[in-house]
Amino acid sequence: MGTAGTEHEGAVGDRRQLINVAYRLLGSLTEAEDAVQEAYARWYALPRGRQEETVSPGAWLTTVTGRVCLDVLGSARVRRERYVGAWLPDPLPAHAERDGYGADPADPADQMVLDESVTMAFLVVLESMSPAERVAFVLHDVFRYPFAEIAGILRRTPAACKQLAASGRRRVRDARTRATPAVQADVVRQVKAAWERKDIAALVDLLDPAAVMTADGGGRAGAVLRPIEGGGRIAPYLVAIADKAPGLELLERSVNGAPGLVARRDGVVVTVAAFDLAEGRVSRIWAVRNPEKLRPWVG
């Protein structure tokens, strides 16, 4: 980030990129928006002369957003230890599936680029990284920022940042999607049909024997506090949910850019479920029920 007399107004157009960076770093739309707003607040607090001297306002904003996210990640682990039950990243709807609502430039959900780097499987693995590792990996491998710029954010040498990104890369290697969207959509469709029929045997056949289901209610909605392990345990649990919630409507929807399911009751979205597959069977289910995380979802 250098200095020369360029127009500072270019900073205004970088919000979408910053929201995309911050969401991947934090896994939370609210926290991502707060981080970006903080970066802009610091930008507009600069003296006019400093703004005009900044060669790339976008690079300046990215650096500040990265540092804000780094601080948030440092405190997030403590906060998530106090979270009721399992914590999962915020699920994202496809823009075209937000029934009855057009895109809203002010809504961070409508600023998101949905690709492999926002699948639930990918984001869950990012949660296992150290804050510095996550920042280095996301900025370099996802957004192609050079290590020289990342070094300025992490206040480490470019060589150290390169090592951090390599460590993160090893962690996500096994988290890459192992099924095509068409295959995943077909399996999710079969899960939906079996669930609606309350067919435990069919669900067991669709689930990997070692499948794991994790639910996030955040203490605001009913959800198991610990992951359920094994297809033979998950299947009857899903049927029990259907028995306890008459009138529950299941819809096939894109969740974080991949085929998933949305449960709606009386027109209100109450659960968003993301899936991961292994050898054609469901290996992971992530069910988000915390209403605070379902705000971007509509009927």
Practice prompt. Show the numbers, then the answer: is there a side chain to side chain contact (heavy atoms under 4.5 Å, CB included) between Val255 and Phe275?
Written response: CA-CA 9 Å; Val255 180; Phe275 299 82; over 6 Å; no
Could you check whether any side-chain heavy atom of [X] comes within less than 4.5 Å of a side-chain heavy atom of [Y], counting everything from C-beta outward?
X: Pro91; Y: Lys293; answer: yes
X: Leu277; Y: Val183; answer: yes
X: Ser75; Y: Arg79; answer: yes

Considering non-hydrogen atoms only, spot the tightest contact between [X] and [Y] and give its length.
X: Leu154; Y: Ala136; result: CD1-CB, 4.0 Å
X: Gly217; Y: Ala223; result: N-CB, 3.7 Å
X: Leu294; Y: Val288; result: CD2-O, 3.8 Å
X: Val204; Y: Ala235; result: CG2-CB, 3.6 Å
X: Phe147; Y: Cys161; result: CE2-O, 3.6 Å

Nearest 0.5 Å please: distance from the [atom1] atom of [X] over to the [atom2] atom of [Y].
X: Leu88; Y: Ser28; atom1: CG; atom2: OG; value: 12.5 Å
X: Trp87; Y: Thr214; atom1: CH2; atom2: OG1; value: 13.0 Å
X: Glu196; Y: Leu248; atom1: CD; atom2: CG; value: 9.5 Å
X: Leu126; Y: Ser117; atom1: CG; atom2: OG; value: 8.5 Å
X: Asp90; Y: Leu29; atom1: CG; atom2: CG; value: 5.0 Å
X: Thr54; Y: Leu46; atom1: OG1; atom2: CG; value: 6.5 Å

Worksheet item: Should Asp276 and Met120 be marked as a side chain to side chain contact (heavy atoms under 4.5 Å, CB included) after you check the CA-CA gap, both sets of side-chain angles, and the distance that decides it?
Response: CA-CA 8 Å; Asp276 196 27; Met120 194 63 72; over 6 Å; no
Worksheet item: Among all residues two or more places apart in sequence or in another chain, which pass the side chain to side chain contact (heavy atoms under 4.5 Å, CB included) test with Ile234?
Response: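 Applying side chain to side chain contact (heavy atoms under 4.5 Å, CB included) to Ile234 gives Leu207, Ala211, Met213, Ile228, Leu238, Ile285.
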Discussion item. Trp297 and side-chain contact (heavy atoms from CB on, under 4.5 Å): which single residue from Val269, Val268, Val270 fits?
Written reply: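 One option only clears the test, and that one is Val269.
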Worksheet item: Between Val84 and Trp286, is there a shared hydrophobic cluster once you connect ILVMFWY residues whose side-chain heavy atoms come closer than 4.5 Å?
Response: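 No, separate clusters.
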Worksheet item: Is the NZ atom of Lys192 crowded by more than 12 outside heavy atoms at less than 6.0 Å?
Response: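 Yes, enclosed.
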Discussion item. I'd like to know whether CZ of Arg156 has more than 12 heavy-atom contacts from other residues, nucleotides or ligands below 6.0 angstrom.
Written reply: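 No.
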Worksheet item: What pairs with Thr62 under side chain to side chain donor-acceptor pair (under 3.5 Å), at least two apart in sequence or on another chain?
Response: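 Applying side chain to side chain donor-acceptor pair (under 3.5 Å) to Thr62 gives Tyr145.
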Discussion item. If the condition is side chain to side chain donor-acceptor pair (under 3.5 Å), which residues does Arg42 pass it with, not counting sequence neighbours?
Written reply: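 Here the qualifying residues are Glu38.
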Discussion item. Per the side-chain hydrogen bond (donor to acceptor under 3.5 Å, both in side chains) rule, what does the pair list look like for residues 225-252, sequence neighbours excluded?
Written reply: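 Found Arg189-Glu252, Lys198-Asp243, Glu249-Arg264.
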Worksheet item: Hydrophobic cluster mates of Val212, side-chain heavy atoms under 4.5 angstrom, ILVMFWY only, any path?
Response: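 Members besides Val212: none; it forms no cluster.
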Fill in: Sequence neighbours excluded - salt bridge (charged side-chain N to carboxylate O under 4.0 Å, His left out) pairs with any residue from residues 123-133
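Every salt bridge (charged side-chain N to carboxylate O under 4.0 Å, His left out) pair that includes a residue of residues 123-133, provided the two are not neighbours, is Arg80-Glu127, Glu127-Arg134, Glu133-Arg171.
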Fill in: Salt bridge present between Arg169 and Asp141 (N-O < 4.0 angstrom)
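Looking at Asp141 together with Arg169, the answer is yes, because their closest N to O distance falls below 4.0 Å.
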Worksheet item: Please walk me through it: do Arg24 and Val113 pass side chain to side chain contact (heavy atoms under 4.5 Å, CB included)?
Response: CA-CA 11 Å; Arg24 287 160 175 80; Val113 175; 4.2 Å; yes
Practice prompt. Tell me yes or no: between the side chains of Tyr83 and Asn290, is some donor less than 3.5 Å from an acceptor?
Written response: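 Yes, because at least one side-chain N or O of Tyr83 sits under 3.5 Å from a partner of the opposite role on Asn290.
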